[in-house]
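Keep in mind that the numbers below use all heavy atoms, side chains included, and drop hydrogens, waters and symmetry copies.
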Amino acid sequence: MAASATIAGVVATSSVALAAAPAAPSPKPAPAPASQPMTTLPTAPVEKVVVTYKSKAAEAGSNAAAKSDAAAKGKETGESLSFERRLAGGAALVDLGGETSKKDLTEVMDAFRADPSVASVEPDIRAYAMAAAPNDTDYAKQWDLFEATGGMNVPGAWDKTTGSGVTVAVIDTGYAAHSDLAGNVVSGYDFISSSTDARDGNGRDGDARDEGDWNATDGECGTGSRASSSSWHGTHVAGTIGATTHNTKGVAGIAYGAKIQPVRVLGKCGGSSSDIADAITWASGGTVPGAPANPTPAKVVNLSLGGASSTCPSVYQTAINGAVSRGTTVVVAAGNSNANASGFTPANCSGVINVASTSREGNRSYYSNYGTVIDVSAPGGETRRATDTPGTVTTPENGILSTLNSGTTTQSTENYKPYQGTSMAAPHIAGLAALLKSAKSTLTPADIESAIKSNARPLPGTCTGGCGTGIADAAKTVNAVTGTAPGAAVFTNAANVTVNDNATVTSPIAVTGRTGNAPAALKVDVDIKHTWRGDLVVDLVAPDGTVRNLKTSSSSDSADNVLATYTVDASSEVANGTWKLQVRDVASGDTGYIDSWSLTF
């Protein structure tokens, strides 16, 4: 007999319990995140100018000459000008010595323009993030996206990715029509093989409409089951992942540029493992007998469902293995029994990202499963306190607000309600997985899992039993995989070091104030003046003496100078310490010097 699975959405995985009881009046909305829409850009004073010298000018190739010219222009204009550094394109960055008035800036720029050695001069202007905070009317209530304590730092990721080009399959109760989701929904499938459980008069078909999962009487779905209204669970999960955003309506989705594919497996009394396994296979682009090929295979699958089992059934593991082999990331809810997640499936299957739930205060949610099989945590909320009467909703503001339907049995009007559960935590990670896959399409499921886990932050509250690597941080994770971490520090050595024939020289940089290891995409900017650059071998030497080659010698490379930016994986090295640029001249007849070099952490 096929194992059954039930919603992991609220109180316990062994029953379909709802967080949709009538909510208490909403309190004053939580404050919106610091990043607010910009109607006008701020006016910032200019503190530096970018000077490009003509190619034959001494200042174009010599930092010393550029320094002297900046000092001369400063004396001419009465300003405290100084050469700061050479830019990657060869221009000189000149510091104006502090905030400069428009009149003084004009005088400085006129002085450079009047110099026949200068090709151009322009102010070093400020730029600002253009990803404004969503204007969705209930966004201020979505603490799970932006609050510093219990939120997932999602807005900081939206400057770089919104999930565009990625389909996320929500394997759940199906889809209840909602105008805040419709624009992002693609066709799915109904995999419930029992017409009785499906409530649609037939077995499997191409219509993923949610027909309701209500139970009329206690005991109808087995010993201990309770009568309940329809949950519209799949629609709530889908809204967290991909609700339409910037539409002055409702809520914002984490991966609002992605597409949502509803795949129906849960109906009356839950769903069977055989149906769920086929749904995983189909959603990820695999072949299922009797079902047409999926025209839009999903690169992320969300399973906010589960049942009690001490082992992962082979039917689940086979389907998950197949999905992962096709490049699909599988995200699973840990379960809501306040027990070890190893006793619940598919949370205990391998190859998945197993997600526990945290509260607004950053604690493990009182109901969330835990244990060593947990990979990471995400906001799942608490619509009541652990000591409150089960089934009540006493703290709706601390739940996860998302798209829903008001029907108690069949679909009625659309609405929004707060739910709690690991079912609500899992789609936060599914949404983040979509952001990552969109930002870097070459990421494998293993890459995505590793990135999410390694960039999570410790729970600010408490977790007994094990909550994985912490609460996922969307912005930090996206920045890590795209190599654009904010707050990057640049360390430079602009002292000239002569490179003689058949000699080896080094130029050191002392790196301080960094934590942990160097980045996997450490930027090394090199400016070496040397005729016949093919004579040179250039290496980066880490503080522990590890040598990484940046450039090899070549007898056929007769061009002048090494002006390049190299990217190296230095993640195995401690960041702080003395790094060295090592240059070897392996031939005779041409000499030069290290003009400057820098490291960007």
>> Quick one, W158 with L145, criterion side-chain contact (heavy atoms from CB on, under 4.5 Å). Give me CA distance, side-chain angles, the key distance, then yes/no.
In response: CA-CA 11 Å; W158 286 332; L145 302 190; 4.2 Å; yes
> Stepwise, does the side-chain contact (heavy atoms from CB on, under 4.5 Å) test hold for T329 with V331?
Replying inline: CA-CA 7 Å; T329 298; V331 180; 4.3 Å; yes
>> Between I400 and W143, is there a side-chain heavy-atom distance shorter than 4.5 Å?
In response: yes
>> Can you tell whether the side chains of R204 and D275 come within less than 4.0 Å, N to carboxylate O?
In response: yes
> Quick one: are T173 and W232 in side-chain contact, heavy atoms under 4.5 Å?
Replying inline: no
>> Could you check whether any side-chain heavy atom of T383 comes within less than 4.5 Å of a side-chain heavy atom of Y419, counting everything from C-beta outward?
In response: no
> Backbone N or O of A451 within a donor-acceptor pair of the N455 side chain at under 3.5 Å?
Replying inline: yes
> Between the side chain of N135 and the main-chain N/O of T248, is any donor-acceptor distance below 3.5 Å?
Replying inline: yes
> Using 30° and 60° as the class limits, which term best fits the ring planes of F146 and Y139: parallel, tilted or perpendicular?
Replying inline: tilted
> If you measure from the Lys or Arg side-chain nitrogens to the Asp or Glu carboxylate oxygens, is any gap between D375 and K453 under 4.0 Å?
Replying inline: yes
> Can we say K268 and E220 salt-bridge, meaning some charged N sits less than 4.0 Å from an Asp/Glu carboxylate O?
Replying inline: yes
> Is it true that a side-chain atom of N215 and a backbone atom of T217 form a donor plus acceptor pair closer than 3.5 Å?
Replying inline: no
> Between OG1 of T281 and CG of N294, what distance do you get to the nearest 0.5 Å?
Replying inline: 11.5 Å
> So how far is it from D180 CG to T244 OG1, rounded to the nearest 0.5 Å?
Replying inline: 5.5 Å
> If you take all heavy atoms of A238 and I260, which pair is closest and at what distance?
Replying inline: CB-CG2, 3.9 Å
> Rounded to the nearest 0.5 Å, how far does CG of D144 lie from CD1 of I254?
Replying inline: 6.5 Å
>> Evaluate N369 against N340 for side-chain contact (heavy atoms from CB on, under 4.5 Å), listing each step before the verdict.
In response: CA-CA 6 Å; N369 286 352; N340 196 306; over 6 Å; no
> At their closest point, which heavy atom of S350 faces which heavy atom of I320, and how far apart are they?
Replying inline: O-CG2, 3.6 Å
>> Under a 3.5 Å cutoff, is there a donor and acceptor pairing between the side chains of Y367 and S357?
In response: yes
> Heavy atoms, side chains only, cut-off 4.5 Å: are Y370 and T464 in contact?
Replying inline: no
>> Given 3.5 Å as the limit, does a donor-acceptor pair link the side chain of S194 with the main chain of D197, or not?
In response: yes
> What is the distance from atom OG of S231 to atom CG of D213, rounded to the nearest 0.5 Å?
Replying inline: 3.5 Å
> Any idea which heavy atoms bring I192 and G267 closest together, and the distance?
Replying inline: CD1-N, 3.6 Å
Side chains of residues 296-303: which donor-acceptor partners sit under 3.5 Å, not counting sequence neighbours?
unit_1, atom_1, unit_2, atom_2, d
T296, OG1, Q261, NE2, 3.1
K299, NZ, R326, O, 3.0
N302, ND2, S304, OG, 2.9

> Is the distance between the ring centroids of Y416 and H236 less than 6.0 Å?
Replying inline: no
> Would you call E147 and R360 a salt bridge, using N to O less than 4.0 angstrom?
Replying inline: yes
> Closest approach of E361 and P460, non-hydrogen atoms and distance?
Replying inline: O-CG, 4.1 Å
> With respect to K249, which candidate in N247, V251, T245 satisfies the side-chain contact (heavy atoms from CB on, under 4.5 Å) definition?
Replying inline: N247
>> Please find the pair of heavy atoms, one from G322 and one from S325, that lie closest to each other, and give the distance.
In response: O-OG, 2.6 Å
> Is a side-chain N or O of D388 found less than 3.5 angstrom from the main chain of R384, in a donor-acceptor match?
Replying inline: no
> Is it true that a side-chain atom of T137 and a backbone atom of G250 form a donor plus acceptor pair closer than 3.5 Å?
Replying inline: yes
Would you be so kind as to tabulate the donor-acceptor pairs closer than 3.5 Å made by side chains of residues 161-171, with sequence neighbours excluded?
unit_1, atom_1, unit_2, atom_2, d
T161, OG1, G163, N, 3.3
T161, OG1, L435, O, 2.9

> Any donor and acceptor pair, going by atom type alone, linking the side chain of T318 with main-chain N or O of V315 inside 3.5 Å?
Replying inline: no
> Is it true that E211 and R209 have a side-chain N and a carboxylate O under 4.0 angstrom from each other?
Replying inline: yes
> Quick one: are F191 and R264 in side-chain contact, heavy atoms under 4.5 Å?
Replying inline: no
> Taking S309 for the side chain and T311 for the main chain, is one N or O donor matched with an acceptor at less than 3.5 Å?
Replying inline: yes
> When you look at T358 and N363, which way does the side-chain contact (heavy atoms from CB on, under 4.5 Å) test go after all the steps?
Replying inline: CA-CA 5 Å; T358 51; N363 303 307; over 6 Å; no
> Between atom OG of S406 and atom CD of Q411, what is the distance when rounded to the nearest 0.5 Å?
Replying inline: 10.0 Å
> Do the ring planes of H246 and Y256 sit parallel (below 30°), tilted (30 to 60°) or perpendicular (above 60°)?
Replying inline: perpendicular
>> For a quick check under 3.5 Å, do Q142 and D138 share a side-chain donor-acceptor pair by atom type?
In response: no
> Could you state the interatomic distance from OG1 (T462) to CZ (R364), rounded to the nearest 0.5 Å?
Replying inline: 8.0 Å
> Quick one: does Y366's side chain get under 4.5 Å of N338's, heavy atoms only?
Replying inline: no
> Any side-chain heavy-atom pair from V332 and V355 closer than 4.5 angstrom?
Replying inline: no
> With no hydrogens and no angle check, do the side chains of K476 and N153 hold a donor and an acceptor under 3.5 Å apart?
Replying inline: no
>> Check whether T422 reaches the backbone of G335 with its side chain - one donor and one acceptor, N or O, closer than 3.5 Å.
In response: yes
>> For the backbone of L443 and the side chain of K437, can you confirm whether one donor and one acceptor N or O come within less than 3.5 Å of each other?
In response: yes
> Under 4.5 Å between any side-chain heavy atoms of N405 and H178, yes or no?
Replying inline: no
> At their closest point, which heavy atom of A341 faces which heavy atom of N354, and how far apart are they?
Replying inline: CB-ND2, 4.1 Å
> So, E414 and S179: side-chain donor and acceptor under 3.5 Å apart, yes or no?
Replying inline: yes
